[in-house]
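In what follows, chains carry the letters A, B, and so on, assigned in the order in which the sequence lines appear, proteins first and then strands, with residues in each chain numbered from 1.
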2 protein chains.
Amino acid sequence: MCVNCDYRDLLESAGLEPTTNRVRVLEIIGNNQFPLTAADIFTTVERSHSINRVTVYRILELLVDHKLVERLSAGGRAAHYGLAPNDNHAPHHHFFCTRCGRMDCLNPGSLDLSSDRLRKTFSGEIERIEIRVDGVCRNCLKSSVH
Amino acid sequence: MCVNCDYRDLLESAGLEPTTNRVRVLEIIGNNQFPLTAADIFTTVERSHSINRVTVYRILELLVDHKLVERLSAGGRAAHYGLAPNDNHAPHHHFFCTRCGRMDCLNPGSLDLSSDRLRKTFSGEIERIEIRVDGVCRNCLKSSVH
DNA sequence: TGTTGTATGCAAATTAGTTGCATGTCAATT
DNA sequence: AATTGACATGCAACTAATTTGCATACAACA
Ligand SMILES: [Zn+2]
Ligand SMILES: [Zn+2]
Ligand SMILES: [Zn+2]
Ligand SMILES: [Zn+2]
């Protein structure tokens with residue numbers, strides 16, 4: 001739960017109409033402590049208000065395009081969505097459990113990447129750098145001990 | 001083209017029968033200078049010898065399981081496959097062009113990640129760390145200049 | 001009042017990958 | 001030689017995740 005983020009504000013300052021569906025989707029992403037799949041988000045919204053699956057996908061794309069939300073590629077097939085770095089949310093990387101398929105946020109600063117050499121020599125344009133740590137989460141480790 | 005890798009050998013030393021299909025798939029991955037999708041690999045094999053799509057998927061999974069090949073998650077939906085680090089191939093990370101969807105290999109050493117802090121504090125088990133740089137490749141930059 | 005733009009819904013299509021089951025091949029076993 | 005079992009492959013059908021096309025609704029605007 002993020003008490004500092006006003007999701008309606010975030011939408012508006014990105015130049016987007018803060019429709020109820022958009023606010024709901026963004027709230028769910030922002031209030032969750034780990035990134036969610038489109039399906040997760042859909043079923044969560046659905047629990048309280050009817051919404052179409054396609055609408056969720058369209059909102060997610062919009063939010064990603066406007067950099068309010070980050071699309072994270074998991075080891076599995078479904079993309080995960082998390083709040084993009086902003087004043088209240090420091091940039092950080094993610095862990096993907098290959099056993100249960102859950103993603104977790106890593107502490108900002110727990111990984112240190114230096115990309116100076118690349119930025120000096122690379123001939124294309126760099127937009128973002130995604131780091132994903134794959135492995136087995138604590139829970140899954142625990143439950144595999146008999 | 002890698003003159004140093006004997007793909008039949010690689011398969012055998014991983015304890016796998018070097019069947020013609022497996023050798024072909026591994027050769028295509030190894031001789032390519034950037035990672036390919038399953039579909040790419042399928043059509044490449046197909047051009048000279050008949051093979052089933054499913055066989056390609058099964059071989060890819062086998063090769064990944066035996067660590068001869070690495071599965072890389074691209075910004076898009078399809079996984080890309082590249083040769084896993086071995087005596088002739090230094091570990092390196094990848095670039096994904098969001099415009100043309102092509103992946104490229106970055107120079108080994110152009111990115112430097114220190115994960116000590118994470119490894120000290122993380123409560124799960126870390127298997128691998130994947131870094132993907134997203135952006136626009138040189139070719140796409142060039143062709144967008146009018 | 002008519003027109004345009006934007007948000008959403010619904011059905012169908014597409015993409016990428018997986019599963020179930022049949023067949024062929026080869027080597028070991030009877 | 002016939003039998004068995006372990007793979008490797010093929011083919012058809014399936015599933016999951018996402019996308020597309022088209023219809024509707026509503027609000028702002030001319
Ligand atoms: Zn887990
Ligand atoms: Zn996160
Ligand atoms: Zn490109
Ligand atoms: Zn590579």
Side chains of Glu70(A) and Arg128(A) in contact at under 4.5 Å (non-hydrogen atoms):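 Answer yes - side chains close enough.
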
Output one line per pair: protein atom, nucleotide atom from nucleotides 19-27 of chain D, and distance, for all N/O pairs under 3.5 Å.
none

Could you tell me the separation between the [atom1] atom of [X] and the [atom2] atom of [N], rounded to a whole number of Å?
{"X": "Phe42(B)", "N": "dG17(C)", "atom1": "CZ", "atom2": "C1'", "result": "13 Å"}
{"X": "Leu16(A)", "N": "dT6(C)", "atom1": "CG", "atom2": "P", "result": "12 Å"}
{"X": "Ile41(B)", "N": "dA16(C)", "atom1": "CD1", "atom2": "P", "result": "13 Å"}
{"X": "Leu60(B)", "N": "dT9(D)", "atom1": "CG", "atom2": "C1'", "result": "15 Å"}
{"X": "Arg24(B)", "N": "dA8(D)", "atom1": "CZ", "atom2": "P", "result": "16 Å"}
{"X": "Asp65(A)", "N": "dT6(C)", "atom1": "CG", "atom2": "P", "result": "15 Å"}
{"X": "His80(B)", "N": "dG17(C)", "atom1": "NE2", "atom2": "C1'", "result": "15 Å"}
{"X": "Arg22(B)", "N": "dG10(D)", "atom1": "CZ", "atom2": "P", "result": "12 Å"}

[X] side chain N/O closer than 4.0 Å to the phosphate oxygens (OP1, OP2) of [N]?
{"X": "Thr37(B)", "N": "dA16(C)", "result": "no"}
{"X": "Thr55(B)", "N": "dG10(D)", "result": "yes"}
{"X": "Asn21(A)", "N": "dT8(C)", "result": "yes"}
{"X": "Asn52(B)", "N": "dC11(D)", "result": "yes"}

Given 3.5 Å as the limit, does a donor-acceptor pair link the side chain of [X] with the main chain of [Y], or not?
{"X": "Ser73(B)", "Y": "Ala79(B)", "value": "no"}
{"X": "Ser115(A)", "Y": "Leu118(A)", "value": "no"}
{"X": "Asn52(A)", "Y": "Val54(A)", "value": "yes"}

same_hphob_cluster(Ile29(A), Leu72(A)) at 4.5 Å side-chain heavy-atom cutoff: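 Ile29(A) and Leu72(A): separate clusters.
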
Single-linkage hydrophobic cluster, 4.5 Å side-chain cutoff, Leu83(A) and Ile28(A) together: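 Leu83(A) and Ile28(A): one cluster.
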
Mutual orientation of the aromatic rings belonging to Phe96(B) and His80(B) [parallel < 30°, tilted 30-60°, perpendicular > 60°]: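 It falls in the perpendicular class, over 60°.
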
Close N/O contacts between protein and nucleotides 28-30 of chain D (under 3.5 Å):
none

Atom CZ of Arg71(A) with >12 non-hydrogen neighbours under 6.0 angstrom: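 Check passes, neighbour count above 12.
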
Check: Tyr81(B)/Asp40(B) side-chain N/O donor and acceptor closer than 3.5 Å: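 No - no donor-acceptor pair under 3.5 Å links their side chains.
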
Sugar-phosphate, base or nothing in reach of Ala39(B), heavy atoms under 4.0 Å: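 Counting heavy atoms under 4.0 Å across all strands, no contact is made by Ala39(B).
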
